[in-house]
Amino acid sequence: MDNNRSSFGSNFGFLMAAIGSAVGLGNIWGFPYKMGKSGGFTFLLVYLLLAVFVGFIIMVSELAIGRKTRLSPIDAYRAVSQKYRWIGWLAVAAPFLVMSFYAVLGGYVLQYMSLNLAELSFGLSNIFSQQITGTATFGAMLTNPFGCFFFTLLFMVICMVIVMGGVSGGIERFNKVGMPALAVMLLIVIVRSLTLPNAVEGLKFMFVPGYAVKGGFIEEMPGLISVLGTAGGQMFFSLSLAMGAILTYGSYLGKEENLVSNSITIVAADTLIAIMAGIAVIPAAVANGINNGVPVNEIALNGPKLLFVTLQDVFSNMGKAGPLFGVIFYLLVLLAAISSAISLMEAVGAHWIDMDLKAGKGDTRKRITLIVSILITAAALIVAVDGLGSNNIHPAALLGITGPVPDVIADWLDFMDCWSEGIAMPLGAMLMALMIGWERSPELVLEEVGHGNHSPFFAKFYSVCIRYVAPVVMAFVLAGQMIGFFGGPEALWYAVAFVSLAAFAGFTLAGRKKAE
Ligand code: PFF
């Protein structure tokens with residue numbers, strides 16, 4: 001490959017960029033709630049086991065394939081696989097679709113940060129003699145498509161400028177400052193949150209097994225299989241796996257860097273930040289609800305409502321310092337969203353940047369990034385205008401279906417999420433594990449990891465996980481995602497997931513002997 005291909009300036013810079021990709025909205029608005037609802041410490045244990053046996057294994061694999069080939073996902077898969085030459089396309093379509101809603105959410109965060117900044121600077125609520133409540137603000141925002149699109153565009157421009165700056169001059173530079181800043185802001189918010197009266201109820205919800213039911217937050221505990229699916233899906237999305245992002249970052253990493261210890265650091269940091277984010281938001285949300293007489297089962301602790309309704313109420317009720325904490329908090333979320341979004345954009349554009357470089361056209365990063373940004377913005381337009389299904393242009397409305405509908409057609413965000421996080425991600429990871437474990441051999445990755453002299457224990461551990469554990473766990477995750485998006489009889493989705501696993505496994509093995 002061309003010597004002029006981009007690379008990270010240092011291992012620390014790479015780590016900040018990879019952790020930046022991993023730490024995002026998923027950590028803040030998904031993990032804490034899922035942990036509380038699905039059994040507190042018990043969920044954490046399941047999550048950690050999955051992270052070690054599958055997340056870490058796929059992380060090492062993606063980094064190794066990226067670095068070995070020094071190619072972007074589309075070309076990397078072409079270079080290493082006969083049967084799955086096309087997986088790289090999944091790893092470009094998925095980040096594209098994720099960006100189509102991530103950018104809209106980033107736009108929401110920008111709006112809330114501006115709102116709190118305006119309140120801090122001019123006392124908006126005094127001018128309009130009205131308190132800024134979460135529910136009213138959220139409703140007003142969603143039904144204002146023009147505003148949502150404008151802020152989506154602003155978010156895209158910020159990300160575009162960073163990615164145009166290059167791997168070390170843009171992405172690495174942003175993360176080297178952004179990630180430490182995020183950690184400091186998170187600590188400030190944690191201290192404020194934990195000193196609110198009744199904050200301990202939130203801590204119990206998150207950590208004490210079974211407290212979600214006992215404390216009245218939810219009616220019943222989900223079953224073990226469902227916990228497995230939830231934890232697996234959350235872990236994959238949170239670690240940015242099977243979306244081309246980590247593979248692409250790996251392709252910019254120096255040969256001398258240690259892929260195993262880097263992967264351990266990324267997984268550990270992402271999990272730690274997810275737990276810290278939980279301690280920052282859940283106790284504050286629960287305490288504020290209780291202190292204002294809201295029944296705990298009515299406090300929204302998950303998804304967009306946690307960020308944009310519940311937490312805005314926390315800041316509005318905090319008195320004079322509220323807007324200041326609001327600005328700090330939404331800035332922190334914005335940093336997390338940008339650092340994830342730029343990795344998605346890099347994964348989408350890298351193939352074409354490489355192609356031009358190889359064709360002797362020089363560095364066309366700026367032009368390609370501009371085109372990628374325009375295409376993503378066009379897809380994001382529909383998600384922005386849809387306002388989470390508030391404006392009657394959601395897929396179900398267009399299809400003329402009324403009444404309760406499955407999530408996948410309830411709004412455009414879920415529709416985009418279903419194809420990317422729901423299908424492409426678990427399927428891509430399952431196929432990658434089959435490709436490495438069975439079509440090729442675990443040596444493909446092990447050789448790159450240790451340059452031929454990795455420890456025997458790691459080699460054994462890696463081989464068993466990539467061949468057996470990862471494909472089976474991914475089938476569970478696939479089923480879990482389908483149940484979430486399509487609803488209906490759970491057994492059906494398990495059957496679909498395991499039949500696809502069997503079909504792909506058969507396809508992978510067929511003719512293998514002959515080829516050898
Ligand atoms: N890991 C990010 C989060 O937790 O929000 C989302 C994400 C970023 C997923 C980049 C995939 C990806 F490639």
Side-chain angles (χ1 to χ4, degrees), residues 16-35 47 51 55 58-59 62-63 66 72-73 87-88 90-106 108-109 155 159 162-163 171 174-175 178-179 182 186 230-252 266-267 269-278 281 302-304 306-307 332-350 372 376 413 416-417 419-426 428-429 432 477 481:
M16 289 300 107
I19 293 171
S21 170
V23 172
L25 296 173
N27 298 57
I28 299 164
W29 82 13
F31 181 85
Y33 175 75
K34 289 176 191 166
M35 176 164 156
Y47 185 94
I58 300 287
M59 176 80 64
E62 278 202 44
L63 289 177
S72 57
I87 305 184
L90 278 187
V92 169
F96 180 88
L97 292 174
V98 171
M99 261 314 275
S100 74
F101 64 85
Y102 220 81
V104 176
L105 298 172
Y108 293 171
V109 179
F155 182 82
C159 296
I162 297 171
V163 178
I171 296 174
F174 174 81
N175 282 299
M179 285 303 107
L182 180 147
L186 195 53
T230 309
Q234 171 68 27
M235 186 263 297
F236 251 70
F237 187 73
S238 187
L239 288 175
S240 301
L241 294 173
M243 295 242 185
I246 294 294
L247 194 154
T248 307
Y249 277 6
S251 76
Y252 302 137
I266 300 166
V267 175
D270 183 65
T271 311
L272 183 70
I273 300 265
I275 295 173
M276 283 171 66
V281 300
N302 192 23
L306 166 69
L307 275 188
L332 168 179
V333 180
L334 184 65
L335 287 179
I338 293 175
S339 59
S340 296
I342 54 182
S343 73
L344 290 161
M345 286 173 63
E346 183 65 21
V348 176
V372 166
I376 291 174
L413 186 154
M416 304 292 193
D417 197 21
W419 299 110
S420 49
E421 197 190 344
I423 295 174
M425 180 190 75
M432 178 196 225
V477 173
Q481 300 284 40

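Each ligand, and each atom within it, is numbered from 1 in the order the structure gives. These numbers were taken from a predicted model, which means no experiment stands behind them. Computed over heavy atoms, backbone and side chain alike; hydrogens, waters and symmetry mates excluded. Residues: numbered from 1 along the sequence shown.
Here the OG atom belonging to Ser72 is positioned 8.5 Å from the CG atom belonging to Leu247, to the nearest 0.5 angstrom.
Protein neighbours of ligand 1 below 4.0 Å, counting non-hydrogen atoms: Ser21, Ala22, Gly24, Leu25, Gly26, Asn27, Tyr102, Phe237, Ser238, Ser240, Met243, Ala245, Ser340, Ser343, Leu344.
A distance-only check finds a donor-acceptor pair linking the side chain of Ser339 to the backbone of Gly20 [under 3.5 Å]. Remark: side-chain polar atoms of Asn27 are paired, donor with acceptor, to backbone N or O of Asp270 under 3.5 angstrom. Under a 3.5 Å cut-off, the side chain of Asn175 and the backbone N or O of Ile171 do form a donor-acceptor pair.
Using cut-offs of 30° and 60° on the angle between ring planes, the pair Tyr47 and Phe31 is perpendicular.
Pairing each heavy atom of Gly24 with each of Ser340, the nearest pair is CA-OG, 3.4 Å.
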